[in-house]
Q: 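Okay, handing you the structure first.
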Protein chains: 2
Amino acid sequence: MASLGELERAVMDLLWASQEAATANTLRDLLAQSTRSAGGTAGHEGKDLAVTTVLTVLSRLERKGLVERERGTRPHRYQAVSSRADHTAELMHEVLGSAPDREAVLARFIGSVTATEAETLRKLLGHS
Amino acid sequence: MASLGELERAVMDLLWASQEAATANTLRDLLAQSTRSAGGTAGHEGKDLAVTTVLTVLSRLERKGLVERERGTRPHRYQAVSSRADHTAELMHEVLGSAPDREAVLARFIGSVTATEAETLRKLLGHS
DNA sequence: AGAGATTTCTACAGTGCGTAGAACACTTAC
DNA sequence: GTAAGTGTTCTACGCACTGTAGAAATCTCT
């Protein structure tokens, strides 16, 4: 239960980008951000979407369990359920788990990791 | 460019399962295998699919670059382009690359790895 | 209560996947 | 070499997911 569409992804990116902020996002916040981050790599933002479009996407993301919506306050507040790092790591585990020969997969995975990343991993794993 | 449907996945599993065999699979081989491995976990196999269905799927997998087809011999021979481990590892890299904060993702990833896997990783990273 | 903002409902078009028939191409047995 | 199989290509349908958004309902504030 993973893959996101392009727009869904873009919205999640907005939510993740402002996840640290104490206040969760309102729709208006998101729209403002999306127009502002037009020059990004994605090329998808800043495309002047209808308000309802974003709302639909938010609902779908909510149904998928990626977004939580506070219905108490009136302009509802939306926020990512888990951080991008958590979410991505979970996805990686899902992928890893999809193969029966996990060890073999890990071997290949490590084989093609950058030097910097290998270093990070060593630190994270501690020295045995 | 990743996700596979259920049937596509099942077909890839067949191809991967017999990847070591010197001879690549013909359609007939695959059909035979699929009927045989009916009792598996998947529950999708052994469903008495039309021959053309499997062929269609093979074509799509070929278009996606996951399957290679030898057109020389007459019953064409089909085989997975890369091993399941390679493919899965590549997917993991794709997922990892989809986040800007790769280090953070790796940290979470390592955090929720089983003890055995952690051990494997340490060995693989061995020489510093 | 009215105006404006927000949310829900409904819908349509495009794409991907499971599914397979119809037709075409090739191989092999006679 | 012709017919019967067997394998392949073409075409297509239905369903689910995604991008997209209008219409209508609901809420807030003055």
Q: Any side-chain N or O of B:Thr53 less than 4.0 Å from the OP1 or OP2 oxygen of C:dA20?
A: yes

Q: Just to confirm, is there a sub-4.0 Å distance from OP1 or OP2 of C:dT8 to any side-chain nitrogen or oxygen of A:Arg69?
A: yes

Q: Strictly by salt bridge (charged side-chain N to carboxylate O under 4.0 Å, His left out), give each pair with a member in residues 101-111 of chain B just once, sequence neighbours left out.
A: A:Asp86-B:Arg108, A:Glu117-B:Arg102

Q: With a cut-off of less than 4.0 Å, is there a side-chain N or O of A:Arg60 near OP1 or OP2 of C:dT8?
A: no

Q: What integer distance in Å separates B:Leu7:CG from D:dC15:C1'?
A: 15 Å

Q: Just call it for B:Leu55: base, sugar-phosphate, or nothing, with non-hydrogen atoms closer than 4.0 Å on any strand.
A: base

Q: Examine D:dT8: is either OP1 or OP2 under 4.0 Å from a nitrogen or oxygen in the side chain of B:Arg28? Give yes or no.
A: no

Q: Atom CD of B:Glu8 and atom P of C:dT15: how far apart are they, to the nearest Å?
A: 17 Å

Q: Look at the side chain of A:Arg77 and the backbone N and O of A:Thr23, then say whether any donor-acceptor pair between them is shorter than 3.5 Å.
A: no

Q: Side-chain N or O of B:Tyr78 less than 4.0 angstrom from OP1 or OP2 on D:dG7?
A: no

Q: Could you tell me whether B:Arg9 contacts a base, only the sugar-phosphate backbone, or nothing, with contacts defined as non-hydrogen atoms closer than 4.0 Å?
A: nothing

Q: If we ignore angles and hydrogens, is there a donor and acceptor under 3.5 Å between the side chains of A:Thr26 and A:His76?
A: no

Q: Find the distance B:Lys64:NZ to C:dT15:C1' and express it as a whole number of Å.
A: 12 Å

Q: So what does B:Thr56 touch, heavy atoms closer than 4.0 Å: a base, only the sugar-phosphate, or nothing?
A: base

Q: Between P on D:dT18 and CG on A:Leu61, what's the gap in Å once rounded to a whole number?
A: 9 Å

Q: Looking at C:dT7, I'd like to know if its phosphate oxygens (OP1 or OP2) sit under 4.0 Å from a side-chain N or O belonging to A:His76.
A: yes

Q: Would a distance-only check, ignoring hydrogens and angles, find a side-chain to backbone donor-acceptor pair under 3.5 Å from B:Glu8 to B:Gly5?
A: yes

Q: Quick one: B:Glu6 CD to C:dG18 P, roughly how many Å, whole number?
A: 7 Å

Q: Without swapping roles, check the side chain of B:Trp16 against the backbone of B:Val11 for a donor-acceptor pair under 3.5 Å.
A: no

Q: Whole angstroms only, please: what is the CG-C1' distance between A:Leu58 and C:dT6?
A: 12 Å

Q: Measure CG/A:Asp29 against P/C:dA5 and give the value in whole Å, please.
A: 15 Å

Q: Tell me, for nucleotides 22-30 of chain C in 5' to 3' order, what letter each nucleotide earns: B for a base near a protein heavy atom under 4.0 Å, S for only sugar-phosphate near one, - for neither?
A: B--BSS---

Q: State whether the side chain of B:Thr53 and the backbone N or O of B:Leu49 hold a donor-acceptor pair below 3.5 Å, judged by distance alone.
A: no

Q: Identify, with sequence neighbours excluded, every residue that meets side-chain contact (heavy atoms from CB on, under 4.5 Å) alongside A:Ala17.
A: none

Q: C:dT7 C1' sits how many Å from A:Leu27 CG, rounded?
A: 9 Å

